Amino acid sequence: MSVTPIDVNDNALKATNAFRHQRRSVVAAYLLALFVMTLLFGWLLNEQYQQEIEAAESRITARANVVTEWAKGVFAQSGQALFGLAELLTIQGMPDADNTQVLERALENLTHYVPLVNEVGVMDLNGRVLASSNGNRNAGANIGHTQFFNAFKQGGQQELITPLYWSDRNQHYYLYHGRRLDSPTGDFMGVVVSSIIPDIFADSLEQMHVYDGESIALVDSESRLIARHPALDEQFAVGRKIPSPQADQKLANEETAWSLKALSPVDDRERLFRMQRVGEYPMLAVVGIDLHELLAAWRQRALILSLVMGMLALLGAWGARHYLSRLALAQQLSQRIEEREQARAEAQVAAAAFQTHLGILITDARGRILKANDTFTRISGYSEAEVMGKNPRMFSSGLHNAAFYRRLWEQVLKTGKWEGEIWNQRKNGELFPEWLTISAVYDTDGVLTNYVATMSDISERKAAEQEIHQLAFYDPLTGLANRRLFMDRMGAALKELQRHQRCGALLFIDIDNFKQINDTLGHYTGDQLLQGLARRMSQMLRDTDTLARLGGDEFAVLIEGVDSNHGQTSQLAERIANKLLAVLAEPVVLAEESVTITGSIGITIMASSEHNVDDYLQQVDMALFQAKSTGRHTVCFFDPAMQAALLAHVKLEADLRHALANQQWQLYYQPQVNHQGTITGVEVLLRWLHPERGLVSPGEFIPLLESTELINEVGEWVLEDACYQLARWAQHPRLSQLTISVNISPMQFRDKDFLQRVDGVFARTQAPLHRLKLEVTESLFVEARDYARDKMLSLKAKGVRFSLDDFGTGYSSLAYLAQLPLDQLKIDQSFVQQVLESQANAAIVESTIALAESLNLEVIAEGVETEAQQAWLLAHDCRAYQGYLFGHPMEIEAFEAQILGR
Ligand code: C2E
Ligand code: MG
Ligand code: MG
């Protein structure tokens, strides 16, 4: 299984998300448990609290009942005593005021038997004290005006107990218990009253056992304290009003018992109270229990429970934390595994990347090699083990100086990178160029840790560059500088010689007749010749001179900064030129034949800063042209007259383009005669009637026509004019037998439209074609002979005949000549004119005649100027002639006059 970095990243993300989800769930579960536990514990505590409260309530209720019952008992005893006394008085009647001793004794006894009764007194129907248990201390006192007394007297009340009542006389609070005295007839007799000291309640309450925080009190109907256990300090003495709005409310509502929670006004502690009316009496039993005390146990339990809960929460938290950390650990573990997977995948990628087509070398910060890849081994020849721990200095080629390396490292340290071309040494000692990139590697803290060098062997590229350079600047055939390089060197030389005020020379060399050699002996031979000549010339020249092949058979020599003197430079250049000519003239063996080559040299001296490279090139070109036109094997210096001639030439070329349209062409006719002197035909020769220069000869303009390709048009015009002439003569009895020879340039003949043009002319002129002769030259057959031959055959089929002009000047292969559909050989005038002076020429003419005879061809000699020449020719069986001896080329009228005049 392979893990891609993308898979790994994806998985890591999923794992992290799953972990987060789990963590959230655990925290939520923990919080929920905590919440439930809190709820549960809260409920439990609340339950217990309620129970505590309920238990306390029922306890204090019971206690309040007891107190109430007891208080009722107290009042019942007092009531009993008062009842007995009242019964007695009803039966006995009220004693006289002076006769109260018995009653007083009885009253005194009563206080003895009923100890809670402090004092008992009897009032008459006017409220005056009749008798009292404490003798006559109260004698004379009257309560007739009091509300209490009147409640019995006027209100008909049988029995009444007062709330606390302040006795000014005794300076004490009392509770008074009264009973109405009725006569046997039922009339109001008075009131019997007992007073009860509140202290007896306090004493009794004291007997009761109270728990911590518990209190038992009795208050009157106006909330004044009667008794309390435990007792309170001075501040809360008997009679002290204890405000309790709730109690007042309940009393107003005539409720008999109730519970309430309130802050005790006595000690400001919160208490649970049970309040209960003591029968019909103006008294309340109040049992309170201090909630704080009451709930002490509950609080303790709550505390314990809270502690337990806290423990549980902590335990849970610890568990959850533990679980979470285990989860985190597992997540980290899986993440690490993922990371390791990723690292492994990345390492695989890195390893694959490391093995690339680039050589890679990794060093530590001190430059010791740590790692090298296979490509490095392939480039350098060193295995990784061989270079491990070493310094890359070991590859130095020695071609760069210390400054180079210093600059290199300075840049690496400054910018973190260097890139460039460097020469190194392979294990086998070979020096080679490489493209090297050095990068510094820093860790996250920015500390330099490594250098990484990547390299590619660029020796092949260099070689290719070298080759491109060679191709761009050198001639592939001879290895000499080509035109481009020569121009560069010339430009540089010109600057140089201007700076140093020196002269230089520029030579153009042209191999004479090279085209013919090439055409006749083939390109391969031509190439060999050029290579040989180049070799010889470069051997002859100095190293500082530049020899170049500018193209074809054209060579150039640049001789730099020779001398400051113009004349001396010219002399030197001439000497060199002559030597070159001599070198060229050494015989060479070509196609197993020894051939002598000649050349023409044009020279110009470079001295002035007025001229630029192009100017000098033009000058030397003209000098060469001059040399060639002067005759071959010549050296010619440039002179300004040449320039004028060249300009004229250029103008001529321009004029030529308008010649046809301006009807400046004219045909001249030169007679051809037989041995009897009879004119058999004519050769038409083209003339140009130039408006300024007059008659211009074909030697000057035919090459121009050829180079501008106007030859096709002009040639067609010549042929057409000649054909019309033939057609006209055909009508004339004395001229109808004449033939017309028309010169056809090889270029014109080779043109692809030639046959078409010719057919057009024939169709238009309707000339008798068997009287038309076309003059072609040997050079026509040098290239594509078969093609030329086919064309000739197709014309010959129409009756046209062919003459081979200028025969003997070319390099014709005689073997091929026999295969051509020729009718006539025309011996070149250069041989004819020398026939009497030069035996060699005579021999050539003789053998030409013999050749024509053997090939069954006619033969005609041109350029016959003297009768001696004609005689020689006749003696050697040449019976046709053309030349000034028989007539110069002339206008048609002159010719016709001559022939008809005869
Ligand atoms: P070519 O065809 O060999 O013509 C003969 C040349 O020799 C003519 O020169 C003629 O005037 C000259 N000539 C004739 N008899 C004598 C003589 O006794 N002594 C001397 N010294 N010269 C004689 P021209 O007219 O100057 O023509 C030169 C060449 O120009 C011709 O050589 C021919 O190759 C070419 N040419 C002339 N007219 C045409 C033309 O219409 N078409 C083409 N393609 N070439 C033409
Ligand atoms: Mg001719
Ligand atoms: Mg000729």
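Atoms within each ligand, like the ligands themselves, are counted from 1 in listed order. Remember, it's a predicted structure, so these values are computed and weren't measured experimentally.
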With a cut-off of 2.8 Å, does N743 put an N/O/S atom close enough to the Mg ion (ligand 2)? yes
Side chain, backbone, both or neither: E700 near ligand 1, heavy atoms under 4.0 Å: neither
Check L667 against ligand 1 and report side chain, backbone, both or neither, counting heavy atoms closer than 4.0 Å. neither
Before moving on, can you tell me the angle at the Mg ion (ligand 2) between the OE1 atom of E775 and the OE2 atom of E683, to the nearest 10 degrees? 90°
At a non-hydrogen distance cut-off of under 4.0 Å, which region of Q829 contacts ligand 1 (side chain, backbone, both, or neither)? side chain
If we count only non-hydrogen protein atoms and require a distance under 4.0 Å, does atom 9 (O) of ligand 1 qualify as touching the protein? no
Any protein heavy atom nearer than 4.0 Å to atom 26 (O) of ligand 1: yes
Kindly confirm whether the Mg ion (ligand 3) is within less than 2.8 Å of some N/O/S atom in D806? yes
Part of I702 within contact of ligand 1 (heavy atoms, under 4.0 Å): side chain
As an exercise, identify every atom of ligand 1 less than 4.0 angstrom from a heavy atom of E683. 1 (P), 2 (O), 4 (O)
Where do P889 and Y668 come nearest, in terms of heavy atoms and distance? O-CD2, 3.3 Å
Using a distance threshold of 2.8 Å, state whether an N, O or S atom of D805 lies below it from the Mg ion (ligand 3). yes
As an exercise, identify every atom of ligand 1 less than 4.0 angstrom from a heavy atom of E865. 17 (C), 18 (O), 19 (N), 20 (C), 21 (N)
